[in-house]
Amino acid sequence: MSNVNTPKIDDNLLYRRQYFIGSNFIEKFPNWNKKKLCNNIFFTFHPDLEFASAKKNNIELFLLGFFFDPINPDFTNLDILKNILRHNTNFTDIIKATYNLAGRWALIYSDESSKYIFNDPAGTRQIFYSM
């Protein structure tokens with residue numbers, strides 16, 4: 001029987017494109033990005049996971065992952081977020097504005113009185129949280 005060396009997973013590939021949303025930052029991953037979302041929601045995410053945010057008046061959107069807009073294929077994630085906010089003023093309208101978007105994403109909606117998180121219709125960006 002020969003010794004088989006098990007390759008060590010590069011720390012940068014471990015939990016790739018994963019994230020945590022909770023009541024505090026996850027300190028176990030010192031090289032991960034950290035953002036405070038709203039007053040008491042903390043977001044810790046792998047460096048390879050795309051992130052964008054936009055705000056208009058009292059509504060703020062946080063994107064985890066990526067959008068693709070077939071109507072505006074040159075738009076970046078930030079362009080799409082701003083476009084969504086430009087034409088919509090409540091959570092229901094924001095959801096409807098994502099109907100034509102492809103991609104692998106979860107979107108966090110925040111206003112003065114509520115917080116919601118929802119994902120792309122296929123559920124390709126799974127949502128887990130701890131409060």
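Values below: all heavy atoms of this structure, side chains included; hydrogens, waters and symmetry mates excluded.
Note that the NZ atom of K34 and the OG1 atom of T44 stand 5.5 Å from one another [nearest 0.5 Å]. Atom CG in N88 sits 8.5 Å away from atom NZ in K56 (nearest 0.5 Å).
Partners of N90 according to the side chain to side chain donor-acceptor pair (under 3.5 Å) rule, which considers only residues two or more places apart in sequence or in another chain, are D93. Among residues two or more places apart in sequence or in another chain, the side-chain contact (heavy atoms from CB on, under 4.5 Å) test is passed with S113 by D111. Residues passing the side-chain contact (heavy atoms from CB on, under 4.5 Å) test with F42 are F25, K36, sequence neighbours excluded. Listed by chain and residue number, F43, F51 satisfy the ring pair (Phe, Tyr, Trp, His ring centres under 6.0 Å) test with F45 (two or more places apart in sequence, or in another chain). Taking K35 as the reference, nothing meets the side chain to side chain donor-acceptor pair (under 3.5 Å) condition, with sequence neighbours excluded. Legend: residues meeting side chain to side chain donor-acceptor pair (under 3.5 Å) with T124, ordered by chain and number and at least two apart, are D120. A search for side chain to side chain donor-acceptor pair (under 3.5 Å) contacts involving S110 returns K115, not counting sequence neighbours. By the side-chain contact (heavy atoms from CB on, under 4.5 Å) test, K55 pairs with E60, sequence neighbours left out.
Between Y116 and Y109, the two ring planes are tilted [angle within 30° to 60°]. Below 30°, between 30° and 60°, or above 60°: for F91 and F118 the angle between ring planes is above 60°, a perpendicular geometry.
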Exercise answer: donor-acceptor pairs, residues 71-86 side-chain atoms, under 3.5 Å, sequence neighbours excluded:
| from | atom 1 | to | atom 2 | distance (Å) |
| --- | --- | --- | --- | --- |
| N72 | ND2 | D69 | OD2 | 3.1 |
| T76 | OG1 | L78 | N | 3.4 |
| T76 | OG1 | D79 | N | 3.1 |
| T76 | OG1 | D79 | OD2 | 3.2 |
| N77 | OD1 | F67 | N | 2.9 |
| N77 | ND2 | E50 | OE1 | 2.9 |
| D79 | OD2 | T76 | N | 3.0 |
| N83 | OD1 | R86 | NH1 | 3.0 |
| N83 | OD1 | H87 | NE2 | 3.4 |

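Scanning both residues, H46 and N33, for their nearest heavy atoms gives O-ND2, 4.1 Å. Heavy atoms only, all atoms of each residue included: Y19 and R125 are closest at CE2-CD, 3.9 Å.
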Checklist line | Chi angles and distances behind the side-chain contact (heavy atoms from CB on, under 4.5 Å) call for T98, L107 | finding: CA-CA 10 Å; T98 66; L107 191 62; 4.2 Å; yes
Item checked: CA sep, side-chain torsions, deciding dist, call: I21, I108, side-chain contact (heavy atoms from CB on, under 4.5 Å) -> CA-CA 10 Å; I21 297 172; I108 300 170; 3.7 Å; yes
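Cluster partners of F68 are absent, since no Ile, Leu, Val, Met, Phe, Trp or Tyr has side-chain heavy atoms less than 4.5 Å from it.
Summarising the local packing, NZ of K96 is surrounded by 12 or fewer heavy atoms from other residues, nucleotides or ligands at distances under 6.0 Å.
Under a hydrophobic-cluster definition in which Ile, Leu, Val, Met, Phe, Trp and Tyr are linked whenever side-chain heavy atoms come within less than 4.5 Å, directly or via other members, L61 and Y99 are assigned to the same cluster.
Between F62 and W105, a ring centre-to-centre spacing not shorter than 6.0 Å is recorded.
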